[in-house]
Amino acid sequence: MKIGVLVPVLSDKDAVGTDALEMAAALEKLGHTVRVFAQTTIGKVGRTAKPASLAEFCTSPGDLAIYHFSFGWPHALPLLESLKCRRIVRYHNITPAHFFDGYSTEYVGACESGRAEIAPLAKLGAELYLGASAFNNEDFLDAGVDAARVAVLPPFNRIDRLVHAEADLSLLDRFRSGASTWLGVGRIAPNKGYLDLVDAFAIYRRTIDADARLVVVGRADPRLANYTGAIRARIEQLGLGDAIHFLSDVNDGELKAAYLVADALVCLSEHEGFCVPLAEAMALGTPVVACDAGAIADTAGDAALVWDARDPYLVAASVAKLREDASLRRVLRERGLARVAREFSTAALERNLAALMERFA
Amino acid sequence: MNSESDDSLDRTKAVIRADADALRSRATLPERIANAGAAELPSASRGTSIPELAGLAGPAFVDNAYRAILGREPDAAGFAQQMAALGAGANKIEILGDLRYSAEGRQRNVAIPGLRPRYVLAKLGRVPVVGAIVQWIVAALSLPHMMRHQRATEASLAVNFGEVRSALAIAEQRFAEAEQRDADLRRDLAGAVEELSERITRTETATHEIRVYIESVNASVAELRQLALTMNHWTIEVRKSIAAIEAAEADERAHRDEQEAAAVLAARARDGGRPERLAAWVGELARHLPEGASVLDLGVGTDWLAALDARGFVASAIETNAALHRDARARKLDVTLGDPAALIARIEDASLDALSIDARAFDAPLASEARRILKRGGVLVVVETHAQREGIADVVEPAGFGALESLDAPGGGALFAARS
């Protein structure tokens with residue numbers, strides 16, 4: 001079968017690009033002829049073709065086009081409508097615009113236009129709407145898509161590479177000490193809940209460990225300078241300037257080192273379509289503390305301390321408990337490793353993708 | 001995940017909630033500052049470092065070094081030159097330094113902390129004699145760094161060891177679960193084997209009982225067969241006995257018939273008036289019937305039958321005595337041996353002109369049958385003794401005959417009646 005993978009902006013660094021490229025590789029392993037179509041490419045993404053040529057590639061009704069939908073792209077709908085082949089909408093979720101209110105009008109506009117495309121894509125009548133989580137699928141189910149045309153496949157990821165990467169020694173050296181180490185992973189954006197994370201960390205510093213540090217791995221976006229400004233102001237207000245370390249553009253070795261030195265990955269994100277850092281932490285045996293939002297509870301399963309309430313005291317007490325209770329750490333670590341092997345490893349994802357592709361045999 | 005560990009996690013979360021409530025009274029945070037304005041995050045970038053650049057090998061190292069230090073891809077000549085230097089055993093620090101402190105590198109001025117002194121030392125190491133001394137000094141000075149590197153490696157190994165230990169714990173748990181499953185399976189298998197043995201035993205017992213039953217049935221069948229054979233013998237014997245009895249009875253009847261026939265014939269021979277009476281009765285009959293009329297006789301006698309034949313009647317008779325029957329057949333007379341009632345029943349209605357009957361055999365049923373088989377105007381002749389006459393009259397007339405006419409003579413008479 002010929003399969004065209006359509007990604008408007010393809011990057012080898014972000015979660016959507018990783019999912020698209022790894023899924024394309026998995027489909028090729030299944031014996032399909034796969035070609036990736038991208039309007040813009042960033043980094044080493046291999047050979048791609050322009051989206052305008054997708055219709056020339058997918059010519060037969062038996063062919064398949066997979067559209068990775070993660071932001072508004074007005075060319076997608078007419079292009080998908082013009083195809084004679086079967087279509088899959090791979091949905092990575094789009095952050096609701098209200099998270100960016102007061103921080104970026106550009107982001108608000110982008111998110112609104114993206115979410116406005118959910119309804120017409122639902123009416124497109126694609127053969128399959130493939131969400132990265134059950135939470136994602138709710139958007140299309142709410143838009144009227146038949147439940148029989150909806151399925152879940154967690155995103156392909158770089159977890160296997162991360163597990164086998166050599167941890168960066170200098171970073172291990174820098175943060176390895178007796179003090180508590182909190183870790184936050186994810187781009188610096190309002191929906192990621194970094195202000196709540198700083199608050200919870202401040203409570204921990206004031207009540208549990210005055211030497212504790214917070215390492216945040218994530219790229220800041222100049223368009224969200226108001227948000228980074230708010231974070232910086234809060235850090236200074238709480239006197240945490242020396243305790244919080246921001247790292248951006250890390251490689252696999254540095255990211256692995258950050259997970260390994262951390263007592264816990266603390267995820268207070270308020271909207272996630274899947275949340276890859278949870279899976280990465282589980283794969284590396286780092287305990288996870290999180291507040292439920294979006295797909296977080298689905299992704300974490302029973303392998304994390306997940307709270308319904310967004311309570312910074314509860315988060316601080318959770319990290320403290322993890323520091324003192326070795327058996328709790330062991331239970332969560334074992335559950336996390338088992339969950340990754342069962343649900344998120346490349347082998348598991350390839351197996352589940354093969355099962356899904358039987359629909360199109 | 002078993003429910004026990006889930007219960008344990010629930011208990012842990014309850015403890016954490018209580019701990020959080022305790023923290024609430026120990027620390028409060030000030031309100032967040034509204035509209036803090038735009039700002040960059042502190043320490044958002046770490047720049048380029050020697051470990052980052054030197055972590056790669058071969059072509060990837062050269063390619064990355066060019067991009068990081070000169071901000072461009074390596075040109076073909078430069079790439080070949082640096083690869084040749086690496087192949088000749090050049091230190092990566094030298095190559096990085098060559099790029100960084102080239103005219104192009106100085107112009108870009110990328111910060112690489114710690115490169116300059118290491119680059120100078122690497123270059124000094126190339127000077128004869130002095131270079132060797134310098135390398136010794138560098139090695140000695142590098143010892144603390146190497147020790148730190150070793151500690152970091154140990155830390156990494158410790159973390160990895162934790163991972164391995166976790167994996168081992170999981171493997172042990174899975175092995176224990178597998179052993180438990182194996183034990184469960186063995187127990188189930190043993191139970192199944194036991195149950196199967198029990199069923200086989202029950203089946204064998206049932207089979208044995210069925211076999212015993214079949215044997216008893218076979219014995220019963222043999223006994224029945226024996227009984228049937230015995231009964232067969234018995235039946236044959238009974239049949240033989242009956243046949244013997246019947247033969248004896250036949251002999252006796254033949255004998256009786258012989259005696260009776262002899263007596264009858266002797267009596268007729270002694271009765272001197274009989275021929276005259278018979279001639280008178282035939283004459284009387286001829287007065288009523290034409291020549292060739294059909295006459296059936298029941299017991300009057302062969303001489304009467306012969307007289308009828310002689311007069312031109314078509315005469316026949318039914319005889320019950322075998323000896324008399326043989327005598328009649330010897331005289332060429334039409335006589336049938338048999339039961340008169342049964343043979344008369346087969347004669348069709350209104351088919352005879354006359355019927356002669358010995359009065360000793362006459363009764364009401366026979367009178368009724370006589371009326372049926374005689375034609376209208378046919379004649380019933382009853383040969384009798386005078387003593388029997390009144391009884392005969394009581395039967396004949398009610399049966400549908402006309403008035404009796406008698407033709408008397410010494411030794412016996414005959415009554416004639418026409419069918420009405």
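In this text the structure is predicted, and so the values were computed from the model without any measurement. Reckoned from all heavy atoms, side chains included, excluding hydrogens, waters and symmetry mates. Chain A is the first sequence line, chain B the second, and so forth, proteins listed ahead of strands; every chain is numbered from 1.
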Given that the side chain runs from C-beta out, which part of A:L314 has a heavy atom under 4.5 Å from chain B: side chain, backbone, both or neither?
both
A:L224 versus chain B, heavy atoms under 4.5 Å apart: side chain, backbone, both or neither?
neither
For the backbone of B:E31 and the side chain of A:Q237, can you confirm whether one donor and one acceptor N or O come within less than 3.5 Å of each other?
yes
A:Y313 side-chain N/O to B:A22 backbone N/O, donor-acceptor pair under 3.5 Å:
no
Where the side chain of B:K13 meets the backbone of A:V306, is there a donor-acceptor pair that is under 3.5 Å apart?
yes
For a quick test of reading the model, state the closest non-hydrogen atom pair linking B:I16 to A:A317 and the distance between them.
O-CB, 3.7 Å
Hey, what do you get for CD1 (A:I208) to CZ (B:R26), rounding to the nearest 0.5 Å?
5.5 Å
Of A:L238, A:D168, A:D311, the largest count of non-hydrogen pairs under 4.5 angstrom with chain B goes to A:D311
For the interface with chain A, which of B:D19, B:V15, B:T28, B:L23 has the highest count of heavy-atom pairs at distances below 4.5 Å?
B:L23
Heavy-atom donor-acceptor pair, A:R206 side chain to B:A27 backbone, under 3.5 Å
no
What's the verdict on salt bridge (charged side-chain N to carboxylate O under 4.0 Å, His left out) for B:R32 and A:D196, showing C-alpha distance, side-chain angles and the deciding distance?
CA-CA 10 Å; B:R32 288 174 186 166; A:D196 289 342; 2.6 Å; yes
Can you give me the closest heavy-atom contact between A:D199 and B:L29, atom names plus distance?
O-CD1, 3.4 Å
Please evaluate residues A:V331 and B:T12 with respect to the criterion side-chain contact (heavy atoms from CB on, under 4.5 Å), reporting the C-alpha separation (whole Å), side-chain torsions for both, the decisive distance (0.1 Å), and the verdict.
CA-CA 12 Å; A:V331 167; B:T12 302; over 6 Å; no
